[in-house]
Amino acid sequence: MALHSSSILLLPLFFNFILTSAASRSSDIAGGVRIWPLPASVTHGGQRKLYVVNTKDFRLNTDGSNFTDASGILKEGFLRLLDVVCVGHVVDANLSRLDSSALLLGIHIIVSSPSEELQYGVDESYRLSVPAPAPGKPAYAYLQARTVYGALHGLQTFSQLCSFNFESRAIEVRSVPWNIIDQPRFSYRGLLIDTSRHYQPLRVIKKVIDSMAYAKLNVLHWHIVDTQSFPLEIPSFPNLWLGAYSKQERYITADAEEIVRYAQRRGVSVLAEVDIPGHALSWGVGYPALWPSKDCKQPLDVSNEFTFKVIDGILSDFSKIFKYRFVHLGGDEVDTTCWRSTPHIRNWLEKKGMNESDAYKYFVLRAQNIALSHGYELVNWEETFNNFGSELSRKTVVHNWLGIGVAPKVVAAGLRCIVSNQDSWYLDHIDPSWEKFYLNEPLKNITDPKQQKLVIGGEVCMWGESVDASNIEQTIWPRAAAAAERLWTPYDNLAKDTNQVFARLAHFRCLLNQRGIEAAPVSGLGRSAPWGPGSCFVQ
């Protein structure tokens with residue numbers, strides 16, 4: 001967009017309007033609570049503080065915990081905590097200038113469950129308390145959780161209570177004592193990334209996972225392959241990844257295993273997707289028999305038994321890597337023109353007594369049965385429900401994306417649902433503001449409590465047509481954080497007026513920046529640049 005001279009003259013006035021408007025929306029920060037997403041229950045003190053004077057001496061105490069931490073997952077989370085609260089500064093306070101009773105010596109963590117299995121529905125609750133200074137009594141923060149994943153969330157919350165004091169050179173926890181009781185509103189809080197439209201390097205995916213953990217999102221929906229490219233190694237059918245953009249833009253199976261491991265250590269599950277029968281042109285680069293014809297290359301050939309052997313092989317290989325309860329089978333935007341126009345498929349349809357709609361249903365249901373045979377429950381995009389919902393497996397979760405009216409119909413039919421309506425939770429749509437992300441309610445028009453429980457959560461979708469490693473973070477954040485609070489925080493605690501949360505979200509965005517995440521300013525639309533000079537906390 002070109003700027004005319006009159007527009008340039010108006011820009012300073014516009015900058016001032018944005019900054020003045022942002023500065024006026026700071027009531028929740030003034031109230032002393034800066035935590036994002038907002039916990040279920042928070043109380044805190046006034047002016048008193050505790051200090052961490054040296055992170056090397058800050059202790060992790062697990063006495064009384066049933067969790068042995070044999071793999072070191074909790075210790076790693078604790079060490080990450082120390083790293084992020086320092087935000088790169090040297091913590092080296094002068095003890096003589098601080099009251100010894102105001103020193104915070106460590107954190108005592110008690111986890112009830114000995115298991116570190118991460119699966120859908122795992123208990124993510126925690127209780128966190130930070131005491132007020134007491135003369136002669138060593139101060140420890142206290143964190144209690146049923147599982148290690150609740151404890152990891154508690155550490156994330158504790159990290160947001162901490163800030164570096166540039167005068168004392170200490171980490172300080174203000175407004176003690178703190179008492180926080182917390183658990184998520186929804187068990188599924190997802191973020192989709194798309195590595196078919198643009199390849200995302202492993203380090204970029206890991207940074208996305210780090211940022212998800214900061215916001216308590218817990219499912220990375222990995223849309224691995226699509227029409228444009230097939231970057232993942234499939235040992236059962238090794239030619240599939242000939243559909244990658246290049247030999248350098250691929251993931252070996254060990255890469256996928258590492259993504260799953262890395263995510264699990266941060267409390268994030270990985271939902272793998274193969275989008276079938278449409279969105280699969282790239283499959284035929286390595287196996288042309290999967291195409292209806294050389295001139296008409298998708299959907300996958302429904303008449304060819306080899307198609308289903310390949311799907312079976314992919315899901316068999318997936319089951320060795322992706323241990324999440326669900327696999328996503330796509331099923332959206334299926335244009336069956338190729339089936340009608342290809343003679344051998346048209347003949348097969350006539351022999352089977354099917355039309356194209358019947359064949360679409362046949363394909364989806366057969367793929368579902370293959371996935372069930374490998375121990376998965378199922379996720380499909382909403383078109384499958386819209387066309388033949390009553391015939392889907394009862395183990396299906398319908399993934400809503402087209403509009404807000406589908407979720408009530410899905411749960412009324414007794415099926416589970418994930419909400420991602422594109423008008424509000426598609427991150428590749430730059431125009432929807434963070435306010436729209438925040439106010440998008442997954443349970444809209446669902447009033448029956450039993451049906452409400454069938455909405456397992458929601459997901460923001462970072463489709464990859466216009467993002468690569470250079471801009472994925474600022475396109476995701478901070479708008480994904482607005483949805484994260486909607487999915488975590490109890491409904492009655494959510495703000496009805498987004499002005500009430502602007503300052504807290506801006507603070508979280510700055511926190512992401514300090515931690516190395518390239519989150520865009522809150523003011524403005526998606527992926528916007530700063531409007532002009534000014535503090536991070538008001539932009």
Side-chain angles (χ1 to χ4, degrees), residues 192-202 204-206 220-264 269-292 294 297-332 334 363-364 366-381 464:
L192 177 148
I193 61 169
D194 171 7
T195 57
S196 173
R197 276 54 178 258
H198 280 96
Y199 177 83
Q200 296 292 349
L202 290 173
V204 172
I205 296 175
K206 286 182 174 182
L220 177 70
H221 175 178
W222 190 0
H223 188 87
I224 306 171
V225 302
D226 207 291
T227 297
Q228 291 80 4
S229 73
F230 197 118
L232 180 64
E233 178 185 23
I234 301 294
S236 296
F237 290 92
N239 286 352
L240 281 170
W241 73 349
L242 295 179
Y245 284 125
S246 71
K247 291 182 178 180
Q248 285 70 44
E249 293 169 294
R250 289 173 167 177
Y251 308 101
I252 60 175
T253 54
D255 296 334
E257 291 168 348
E258 170 61 11
I259 290 300
V260 171
R261 184 205 68 85
Y262 188 91
Q264 179 260 339
S269 298
V270 179
L271 170 66
E273 181 180 358
V274 284
D275 196 349
I276 51 178
H279 292 275
L281 183 150
S282 62
W283 297 35
V285 176
Y287 295 98
L290 295 171
W291 289 333
K294 63 182 177 64
K297 298 180 178 180
Q298 65 180 14
L300 295 169
D301 188 342
V302 66
S303 70
N304 191 342
E305 282 299 305
F306 179 64
T307 298
F308 297 98
K309 289 181 181 179
V310 172
I311 293 170
D312 183 60
I314 291 172
L315 294 177
S316 176
D317 290 348
F318 270 22
S319 69
K320 300 177 181 68
I321 300 170
F322 301 105
K323 302 299 184 180
Y324 194 46
R325 178 182 299 180
F326 304 103
V327 68
H328 204 305
L329 297 176
D332 63 311
V334 179
F363 195 114
V364 169
R366 187 167 176 184
Q368 285 199 332
N369 286 330
I370 293 170
L372 289 167
S373 75
H374 291 289
Y376 282 118
E377 295 183 33
L378 317 162
V379 184
N380 280 100
W381 293 109

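These figures come from a predicted structure and were not determined experimentally.
Residue W222 is tested with D194, I259, L192 for a side-chain contact (heavy atoms from CB on, under 4.5 Å); the sole match is I259. Across Y251, W283, W241, a single residue satisfies ring-ring contact (aromatic ring centres under 6.0 Å, His included) together with F230, and that is W283. With V379 as the partner, the side-chain contact (heavy atoms from CB on, under 4.5 Å) test is satisfied by one option alone out of E273, H328, R325: H328.
Residues Y262 and L202 have side chains not in contact (no heavy-atom distance under 4.5 Å, counting atoms from C-beta outward). Looking at W291 and L281, their side chains come closer than 4.5 Å, going by heavy atoms from C-beta outward. Side-chain atoms of F308 and N369, non-hydrogen and from C-beta on, never get closer than 4.5 Å to each other. Taking 4.5 Å as the limit, some side-chain heavy atom of V310 sits within range of a side-chain heavy atom of L240. No side-chain heavy atom of V364 sits less than 4.5 Å from a side-chain heavy atom of L329. Taking the side chain as every heavy atom from C-beta outward, T195 and E249 never approach each other to under 4.5 Å. Taking 4.5 Å as the limit, every side-chain heavy atom of T253 sits out of range of all side-chain heavy atoms of D317. F318 is listed as a side-chain neighbour of L232, based on a closest heavy-atom distance under 4.5 Å.
Rounding to the nearest 0.5 Å places CG of L242 at 12.5 Å from OG of S229. Interatomic distance, D275 CG to T227 OG1, rounded to the nearest 0.5 Å: 8.0 Å. Interatomic distance, I234 CD1 to I224 CD1, rounded to the nearest 0.5 Å: 7.5 Å. Going from atom CZ of R366 over to atom CD of Q368 covers 13.5 Å, rounded to the nearest 0.5 Å. Atom CD of E257 sits about 9.0 Å away from atom CZ of F322, to the nearest 0.5 Å. Atom NE2 of residue H374 and atom NZ of residue K320 lie 8.0 Å apart, to the nearest 0.5 angstrom.
Although no hydrogens or angles enter the test, the distance criterion places a donor-acceptor pair under 3.5 Å between the side chain of S373 and the main chain of I370. Of the possible polar contacts, one joining the Y245 side chain to the R197 backbone as a donor-acceptor pair under 3.5 Å is found. Looking only at distances, a side-chain donor or acceptor of N380 sits under 3.5 Å from a matching main-chain atom of G330. A donor-acceptor contact shorter than 3.5 Å is absent between the side chain of S282 and the backbone of G243. Not a single donor-acceptor pair under 3.5 Å links the side chain of Q228 to the backbone N or O of S196.
Pairing each heavy atom of A371 with each of V327, the nearest pair is CB-CG1, 3.9 Å. When every heavy atom of R250 is checked against every heavy atom of Y199, the shortest pair comes out as O-OH, 3.0 Å. What you find for G331 and W381 is that their closest heavy atoms are N-CD1, 4.2 Å. Across Q298 and G278, no two heavy atoms sit closer than the pair OE1-C, 4.4 Å. A pairwise comparison of heavy atoms in A263 and V270 identifies CB-CG2, 3.9 Å as the closest pair. Nearest heavy-atom pair, D226 versus H279, reported as atom, atom and distance to 0.1 Å: OD1-ND1, 2.8 Å.
With sequence neighbours left out, Y287 forms a ring pair (Phe, Tyr, Trp, His ring centres under 6.0 Å) with F237, F306.
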